[in-house]
Amino acid sequence: MAANNISNGNHDTQNSNSLVQALMTDQYQITMAYAYWQNDRTYERACFDLFFRKNPFGGEFTLYAGLSECVKFIQNFRFTDSDIAYLKSVLPPDTQDGFFEHLRQLDCSDVELYSIAEGMVVFPRVPLIRLEGPLGVLQLLETPFLNLINYASLVATNAARFRMAAGPNKSLLEFGLRRAQGPDGGLTASKYSYIGGFDGTSNVLAGKLFGIPLKGTNAHSMIMSFASMDDLKCRTLQPAEGSYPVEFASICERWLGEVCKLCDVLKEQTIKGELAAFIAYARSFPKGFLALVDTYDVMKSGLVNFCAVALALDELGYRPIGIRIDSGDLAYQSIVAREVFTKLGESLQKPWFPKMVIVASNDINEDTLLSLNQQGHSIDSFGIGTHLVTCQKQPALGCVFKLVQVNELPRIKLSHDIEKVTIPGRKQIHRLYGQDGRPLVDLMQQMDEDPPEQGKSVLCRHPFEESKRAYVRPAKVVPLHQLYWKDGKVCQPISSLEETRAVAKQSLQMLREDHKRALNPTPYKVSVSDNLYQFLHELWLQSAPIEELH
């Protein structure tokens, strides 16, 4: 039976990316599905957990993102006729025809999806998603779910770290489309950078699809396309309150002479082609003039040319925005630019002039922002691309999708690497808060246990280290898993991008500062109940082979 195509208010239920479809999976998911079908195990009830083992970027928190796309995926999950035809061509020729008919009828109407709210701060080992349903169906969800969660959560977390490094009052703009890993990487980065705390994007398609504010100015190529004032074909501009155009270029040249005197710069040193480019751009965007000033020389040409055009715009009733610096010593140049703005504002009695915006770009990463803060700077806004969207500090989050129960029988994955041992069974997850309103610990329990209660002590244990345990008396208890999909229906509205962004901001604000600091952050505690601890280790012993020595 096909899943119902239901709508959630104004939220689109279609996948944002047409590539997100049933065949976007690894081949072994299909072969395992065939093995389940061949052995009559497809519809055995199973439970899988999706989680990660380590926080990214050397930090101690992760922002959870991608849930909305997962819900859309299972809502639209099906194999098309062309999918079936392709699978017939690549699977072994002795694959039974009944399997292909089985795939044709498959949907997610018997799947249940429980999840933490998108945008929440999350931690290692805690299941972000718990999926319950037919074993053969859930197996086919593994690869697409991991694909939709891994990068989304990674780039949202990276964006949040950039936001914390820059500070709450700086504007952060995502400029990464040209450096992203393909079109899908670019769109995904724009979307989840916004969730993580960025204020806008240069990606026009992301603006259209997701409603993210668009930001951008111009590039060096436009400045370089003007060699002299002779390249300025249109020299007039209509004043903001006037009826007839005036000779704008001449006003700019007049102001250039005045600015050069006040700034002690030789007018002959300024690049006339740059001035022409600024005039052309200002004519095109008189209410949004923000100029790139480092094409030739910021101090001797770009800055004074900008100031001349800015003052000419002001004379005609427009208010310029500011400048962008894309190379060199960003801290020093921003300070000098602010000093020039201040000097001109005071000398010319223009109180708005010192407040103009200074934008910095140029391969900025998290460490750059921290260093700029230490040096001192006058930058108002940062345009960040490569290091944000490619997550150069860590290219993958490492989420995994593990079977934890089948036919009411808890299952455990063992390994010599303790980090890879799984926590078996269906689990309830609660976040325990202290008296200060901040999270203390995430507690995993077996489903039949009584949940922790406000004001009552509960024993919280490290899953694998026996001596690490503590009694916690929570001031507040919040269950983390909510039901998002059951019986072929979405059980609650999918959060909009703005709502998810707000959740992320609030969740980060509630987290203690020592968990968020850049250097040696304090690990957040993820614990299991005493019952789950005992069960985990009993099952471990039962499942591990006993070695015989000779």
Side-chain angles (χ1 to χ4, degrees), residues 2-3 5 11-37 42 46-52 64-80 82-84 86-87 90-91 99-100 102-116 118 122 127-156 181-189 191-192 209 395-404 484-486 488 490 494 500:
N5 185 20
H11 303 313
D12 184 12
T13 60
Q14 298 300 310
N15 296 333
S16 296
N17 189 330
S18 62
L19 294 177
V20 182
Q21 52 186 280
L23 277 194
M24 192 189 76
T25 190
D26 293 305
Q27 185 191 27
Y28 75 174
Q29 310 291 8
I30 303 293
T31 56
M32 281 190 287
Y34 182 64
Y36 291 140
W37 180 82
T42 294
C47 178
F48 284 81
D49 284 347
L50 189 153
F51 61 95
F52 60 94
Y64 172 38
L67 170 64
S68 60
E69 293 301 316
C70 289
V71 175
K72 293 175 187 177
F73 174 75
I74 61 174
Q75 187 172 1
N76 295 286
F77 178 86
R78 70 184 184 94
F79 288 94
T80 65
S82 64
D83 294 341
I84 300 298
Y86 175 73
L87 290 175
V90 296
L91 288 177
F99 175 65
F100 298 111
H102 159 71
L103 291 181
R104 196 187 308 276
Q105 301 300 321
L106 213 56
D107 63 23
C108 290
S109 56
D110 292 329
V111 171
E112 295 178 19
L113 189 159
Y114 300 84
S115 177
I116 297 173
E118 188 167 9
V122 291
L128 310 180
I129 289 175
R130 184 178 87 241
L131 281 169
E132 300 180 21
L135 175 60
V137 178
L138 297 186
Q139 191 70 68
L140 292 169
L141 302 182
E142 175 178 3
T143 298
F145 267 54
L146 290 174
N147 182 271
L148 292 169
I149 297 295
N150 262 312
Y151 180 65
S153 299
L154 185 73
V155 76
Q181 286 93 338
D184 182 57
L187 281 172
T188 305
K191 178 179 181 179
Y192 293 107
L209 293 177
L397 177 57
C399 285
V400 294
F401 187 90
K402 295 299 181 183
L403 178 70
V404 294
Y484 281 87
W485 175 268
K486 186 178 181 180
V490 178
I494 304 303
T500 304

For the residue pair [X] and [Y], what are the closest heavy atoms and their distance?
{"X": "Pro134", "Y": "Asp110", "result": "CD-O, 3.6 Å"}
{"X": "Lys191", "Y": "Ser68", "result": "NZ-OG, 4.2 Å"}
{"X": "Asp83", "Y": "Arg78", "result": "OD2-O, 4.1 Å"}
{"X": "Ala46", "Y": "Leu403", "result": "CB-CD1, 4.0 Å"}
{"X": "Leu397", "Y": "Ser153", "result": "CD2-CB, 3.7 Å"}
{"X": "Ala22", "Y": "Phe77", "result": "CB-CE1, 3.7 Å"}

Where the side chain of [X] meets the backbone of [Y], is there a donor-acceptor pair that is under 3.5 Å apart?
{"X": "Asn147", "Y": "Pro144", "result": "no"}
{"X": "Thr25", "Y": "Thr143", "result": "no"}
{"X": "Ser115", "Y": "Leu128", "result": "yes"}
{"X": "Asp49", "Y": "Lys402", "result": "no"}
{"X": "Asn150", "Y": "Gly398", "result": "yes"}
{"X": "Gln75", "Y": "Val490", "result": "no"}

Could you walk me through whether Glu142 and Tyr28 pass the side chain to side chain contact (heavy atoms under 4.5 Å, CB included) test, one step at a time?
CA-CA 11 Å; Glu142 175 178 3; Tyr28 75 174; 4.2 Å; yes
Find out whether [X] and [Y] are in side-chain contact, i.e. whether some heavy atom of one side chain is under 4.5 Å from a heavy atom of the other.
{"X": "Tyr114", "Y": "Leu131", "answer": "no"}
{"X": "Leu141", "Y": "Cys70", "answer": "no"}
{"X": "Glu69", "Y": "Val20", "answer": "no"}
{"X": "Phe51", "Y": "Val400", "answer": "yes"}
{"X": "Phe99", "Y": "Leu87", "answer": "no"}
{"X": "Ile149", "Y": "Leu50", "answer": "yes"}
{"X": "Leu138", "Y": "Phe145", "answer": "no"}
{"X": "Leu154", "Y": "Phe52", "answer": "no"}

In Å and rounded to the nearest 0.5 Å, what is the [atom1] to [atom2] distance from [X] to [Y]?
{"X": "Thr500", "Y": "Tyr64", "atom1": "OG1", "atom2": "OH", "answer": "10.5 Å"}
{"X": "Leu148", "Y": "Phe73", "atom1": "CG", "atom2": "CZ", "answer": "7.5 Å"}
{"X": "Gln139", "Y": "Ile30", "atom1": "CD", "atom2": "CD1", "answer": "10.0 Å"}
{"X": "Leu103", "Y": "Phe79", "atom1": "CG", "atom2": "CZ", "answer": "5.0 Å"}
{"X": "Ile494", "Y": "Trp485", "atom1": "CD1", "atom2": "CH2", "answer": "9.5 Å"}
{"X": "Ile129", "Y": "Ile116", "atom1": "CD1", "atom2": "CD1", "answer": "9.0 Å"}

For Arg104, all residues meeting salt bridge (charged side-chain N to carboxylate O under 4.0 Å, His left out), sequence neighbours excluded
Asp81, Glu101
Under the salt bridge (charged side-chain N to carboxylate O under 4.0 Å, His left out) test, which residues partner Glu132, sequence neighbours left out?
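Testing Glu132 for salt bridge (charged side-chain N to carboxylate O under 4.0 Å, His left out), a comparison that skips the adjacent residues, returns Arg130, Arg426.
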Using the rule given for side chain to side chain contact (heavy atoms under 4.5 Å, CB included), can you reason through Phe100 versus Leu91, listing the C-alpha separation, both sets of side-chain angles and the distance that settles it, and then say yes or no?
CA-CA 10 Å; Phe100 298 111; Leu91 288 177; 3.7 Å; yes
Tell me whether Gln181 at atom CD has more than 12 heavy atoms from other residues, nucleotides or ligands lying less than 6.0 Å away.
yes
